[in-house]
Amino acid sequence: MESSDLTETGTMRHVVYDRFGERDVLRVTESPIPQPGEGEVLVRVHGAGLNPIDWKTRKGMGFVATQIENSLPWTPGYDAAGEVVDVGEGVTTLVPGDRVMGMIGFPVTGGAYAEYAIADAEDLAIVPEELDLIAAAGVPLAALTAWQALFEVAELESGQKILIHAGAGGVGHFAVQFALERGAHVIVTASSRNRDFLAELGVHEVIDYHTTDFTEECYGLDVVLDLVGGETGKRSLQTLSDSGVLVTIPTVTADDVVSAAEAMGVRAHGMRSRPDAFHLDEIAELIEDGDVKVHVEQVFSLDQVQAAHELLEGGHVRGKLVLDCR
Ligand SMILES: NC(=O)c1ccc[n+]([C@@H]2O[C@H](COP(=O)([O-])OP(=O)(O)OC[C@H]3O[C@@H](n4cnc5c(N)ncnc54)[C@H](OP(=O)(O)O)[C@@H]3O)[C@@H](O)[C@H]2O)c1
């Protein structure tokens, strides 16, 4: 089918919610396929990655909910991987047929939980041939968050000692691999069922947070990457060296953790991740070279989106969850 026919006559299935609430507000509906505007492309989505912000926003929590509350119904999803099927005016970097992935529509547009999605061309990276488009959907937001936290905020260097909380999760398993690749000594908190998974990634030490208090095992750290937040973030401050830095990722508790750090006279920062195709390309190269792997724990169909959110919300996913939107 010509892409122009597709945009004029075609419809697509996508997930929406009309109000904030529990996962039963998620439903699949049909709408016309959108058309790409200037600088945009239309992507036939193969995989849409899930991220904790998806369920938090669905519940009406966090900064995105405030921005979208008057524009419901809304289609969630910031991670898309698929094939370019149409390009808007002024797009010179991509052509139909390109296999792409990206953090799209962030933060107010969303739209990845769909058979087709609009993306800014400049947010997309080419997917390495070795990587299938379902696994690729697990990469953008989580990997970019890990990258920005480690290298832009914490400025992690070779030989430094880093503690990564929740190292087996979406952001965590990328952070572990990036930190190892950079030559850091990597300590991770996780439950024991993730020990072998993390050992295979090359982690130096795994602390089972159910049985062991990490503050008794860690001291003089150069960097803590806090992917849990709250009390875990605050208690981690005592493990830092004088020049150490903590980056706390969950936005809901970031102010609390940063205030506690100020009171103790140590450095801590919150952050908000953002699309960045330049570094996504660099991450794609690491994947292409076999230096970084994407772990997808489970794949769901669009119709199974409620079950996917149930697992996501449980907070114990290993790696990523992806919707297969084909
Ligand atoms: N600021 C931003 O821009 C930004 C960007 C991305 C993510 N985030 C936030 O960062 C957090 C992490 O995101 P994510 O995508 O990595 O989440 P995720 O994939 O859902 O994290 C799941 C992992 O957390 C681990 N876990 C749960 N409780 C733990 C604890 N007390 N100690 C150690 N590990 C624990 C689980 O391991 P076990 O099964 O072994 O317990 C599981 O592997 C979320 O709150 C998310 O909303 C913020």
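Start at 1 and go down the list; that is how both ligands and their atoms are numbered. Given the structure is predicted, the values throughout are model-derived calculations rather than measurements.
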Notebook entry, point to check: Are M101 and L141 co-members of a hydrophobic cluster defined by side-chain heavy atoms under 4.5 Å apart?
Noted result: yes
Check residues 118-137 and write down every donor-acceptor pair under 3.5 Å in which the side-chain atom is one partner and the other belongs to a residue at least two apart or another chain.
from : atom 1 : to   : atom 2 : distance (Å)
D132 : OD1    : I134 : N      : 2.9
D132 : OD1    : A135 : N      : 2.9

Check: Any side-chain donor-acceptor pair under 3.5 Å between H295 and R318?
Finding: no
Notebook entry, point to check: Can W147 and H279 be said to form a ring-ring contact (aromatic ring centres under 6.0 Å, His included), step by step?
Noted result: CA-CA 8 Å; W147 188 277; H279 287 115; 5.6 Å; yes
Next item on the list: Taking the six-membered ring for Trp and the single ring otherwise, decide whether the centroids of H165 and F214 are under 6.0 Å apart.
Entry: yes
For ligand 1, run through the N/O pairs with the protein that fall under 3.5 Å and put one pair on each line.
from     : atom 1 : to   : atom 2 : distance (Å)
ligand 1 : 1 (N)  : I249 : O      : 2.9
ligand 1 : 1 (N)  : M271 : O      : 2.8
ligand 1 : 3 (O)  : S273 : N      : 2.8
ligand 1 : 3 (O)  : S273 : OG     : 3.2
ligand 1 : 16 (O) : G170 : N      : 3.4
ligand 1 : 16 (O) : V171 : N      : 2.9
ligand 1 : 19 (O) : G170 : N      : 2.8
ligand 1 : 39 (O) : R193 : NH2    : 3.2
ligand 1 : 39 (O) : H316 : ND1    : 3.1
ligand 1 : 40 (O) : S191 : N      : 2.8
ligand 1 : 40 (O) : S191 : OG     : 2.4
ligand 1 : 40 (O) : N194 : ND2    : 2.8
ligand 1 : 41 (O) : Y209 : OH     : 2.4
ligand 1 : 41 (O) : H316 : ND1    : 2.8
ligand 1 : 43 (O) : G169 : N      : 3.4
ligand 1 : 43 (O) : V317 : O      : 2.7
ligand 1 : 45 (O) : K56  : NZ     : 2.9
ligand 1 : 47 (O) : K56  : NZ     : 2.8

Notebook entry, point to check: Parallel, tilted or perpendicular: which describes the rings of H185 and H204, with under 30° parallel and over 60° perpendicular?
Noted result: parallel
